[in-house]
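Each ligand, and each atom within it, is numbered from 1 in the order the structure gives. What's counted below: heavy atoms across the whole structure, side chains too, no hydrogens, waters or symmetry copies.
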Amino acid sequence: MTSQRTRERLLGRLLEQGIKSMEVLDIMRSTPRHIFLDEALAHRAYEDVALPIGHNQTISQPYIVARMTEACVMGGKLDKVLEIGTGSGYQTAILASLAKKVYTIERIKPLLDKAKKKLKLLKLRNIDYKHDDGTLGWEEKAPFDAILTTAAPQTVPNELLRQLADGGRLVIPVGGEGQQKLKLITKKDEEFREDVLNLVRFVPLLKGQLHR
Ligand code: SAH
């Protein structure tokens, strides 16, 4: 069903679209995406598209996962990563294969529980999970070499900038509903450099009340 050929085709597409990190491409080749989808959608897992995962949320498009991961990896060491918006857990799996330790936060409990099961299935044990509002980051575990946000706030939360290590990278879609700018913000000597990587379409980063 999810033949090796369709998976290779996806890899070709990522290369074509400019993903250069061999490390990232190798991890994307070896990480199954279909297990993070409901059975009815699993046959579409290796198409380069975002797909629904329930609760009005989506699993990110593979190209965007690769692009965000590459931005985290290429900028320097990647011992400690914070991910905001666990969702299906697919991006978490990619990060956990590259970083020493991943901290991931999700506000919808059923999604977090499901993601946890899938990541255990893949025997990825270097992940700490938290059911919470990720807007405030994860203070006790900071500083992070990279923070990756897979839902879009209107403006960059200051807390996240504060929780970056020196040399740390924040990869985050910023803007209102509809289209956002995917930004790479690098912290060096308390100064921030900002690059725009892509135009993207993410679900909004919601503040406040949690979904249990
Ligand atoms: N990387 C995920 C993307 C999921 S979509 C994947 O590929 O599957 C974005 C996720 O961010 C959703 O699951 C949504 O519930 C979550 N989210 C939105 N606002 C949040 C917040 N304030 N804190 C934590 N998670 C949040």
Side-chain angles (χ1 to χ4, degrees), residues 10 14 24 27-28 31-38 41-42 44-72 81-99 102-119 121-122 124 127-139 141 144 146-160 163 170-178 180 182 198 200-212:
L10 174 63
L14 298 180
V24 172
I27 297 293
M28 299 236 2
T31 306
R33 188 167 181 254
H34 61 273
I35 68 159
F36 294 94
L37 287 162
D38 284 342
L41 282 172
R44 300 191 58 194
Y46 299 96
E47 292 176 23
D48 191 20
V49 290
L51 292 164
I53 55 171
H55 302 272
N56 277 329
Q57 306 302 323
T58 52
I59 184 171
S60 305
Q61 179 193 349
Y63 166 67
I64 295 298
V65 171
R67 188 85 169 106
M68 292 177 85
T69 309
E70 186 173 65
C72 288
V81 185
L82 174 65
E83 178 193 38
I84 298 162
T86 318
S88 66
Y90 175 63
Q91 170 84 72
T92 322
I94 303 284
L95 290 172
S97 308
L98 290 162
V102 178
Y103 298 90
T104 188
I105 309 178
E106 169 58 55
R107 65 176 286 281
I108 301 178
K109 185 78 165 36
L111 284 180
L112 186 65
D113 291 344
K114 209 167 171 184
K116 238 187 233 182
K117 274 192 206 145
K118 305 288 168 72
L119 292 159
L121 218 66
L122 292 181
L124 293 167
I127 307 169
D128 277 7
Y129 303 85
K130 187 166 158 179
H131 175 226
D132 207 346
D133 174 1
T135 315
L136 299 175
W138 195 331
E139 178 78 56
K141 308 292 182 188
F144 301 99
I147 301 177
L148 194 151
T149 305
T150 67
Q154 289 283 350
T155 55
V156 178
N158 273 329
E159 274 307 309
L160 301 186
Q163 292 178 23
L170 170 62
V171 186
I172 186 166
V174 187
E177 280 199 52
Q180 303 107 22
L182 180 62
N198 281 91
V200 288
R201 202 174 282 265
F202 275 88
V203 296
L205 185 76
L206 300 175
K207 274 192 202 166
Q209 229 190 344
L210 295 182
H211 181 302
R212 301 207 168 262

Are any protein N/O atoms closer than 3.5 Å to the N/O atoms of ligand 1? If there are, list each pair with names and the distance to one decimal place.
| unit_1 | atom_1 | unit_2 | atom_2 | d |
| --- | --- | --- | --- | --- |
| ligand 1 | 1 (N) | Thr150 | OG1 | 3.3 |
| ligand 1 | 7 (O) | Ser60 | N | 3.0 |
| ligand 1 | 7 (O) | Ser60 | OG | 3.4 |
| ligand 1 | 8 (O) | Ser88 | N | 2.9 |
| ligand 1 | 8 (O) | Ser88 | OG | 2.6 |
| ligand 1 | 13 (O) | Glu106 | OE1 | 2.7 |
| ligand 1 | 13 (O) | Glu106 | OE2 | 3.3 |
| ligand 1 | 15 (O) | Glu106 | OE2 | 2.6 |
| ligand 1 | 19 (N) | Leu206 | N | 2.9 |
| ligand 1 | 22 (N) | Asp133 | OD1 | 2.8 |
| ligand 1 | 22 (N) | Leu206 | O | 2.5 |
| ligand 1 | 23 (N) | Gly134 | N | 2.8 |
| ligand 1 | 25 (N) | Arg107 | N | 3.4 |

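Counting heavy atoms from C-beta outward, Glu159 and Thr135 have side chains that stay 4.5 Å or more apart.
For His131, the ring pair (Phe, Tyr, Trp, His ring centres under 6.0 Å) test picks out no residue, with sequence neighbours left out. Every residue was checked against the ring pair (Phe, Tyr, Trp, His ring centres under 6.0 Å) condition with Phe202, not counting sequence neighbours, and none meets it.
Sorted by first and then second residue, the pairs that involve residues 48-64 and meet salt bridge (Lys or Arg N to Asp or Glu O under 4.0 Å), not counting sequence neighbours, are Arg13-Asp48.
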| task | Begin with the C-alpha distance, continue with both residues' side-chain angles, and end with the deciding distance and a verdict on side chain to side chain donor-acceptor pair (under 3.5 Å) for Glu83 and Thr150. | result | CA-CA 8 Å; Glu83 178 193 38; Thr150 67; 4.9 Å; no
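No cation-pi contact links Lys141 to Tyr103, judged by a cut-off of 6.0 Å to the six-membered ring centre and 45° from its axis.
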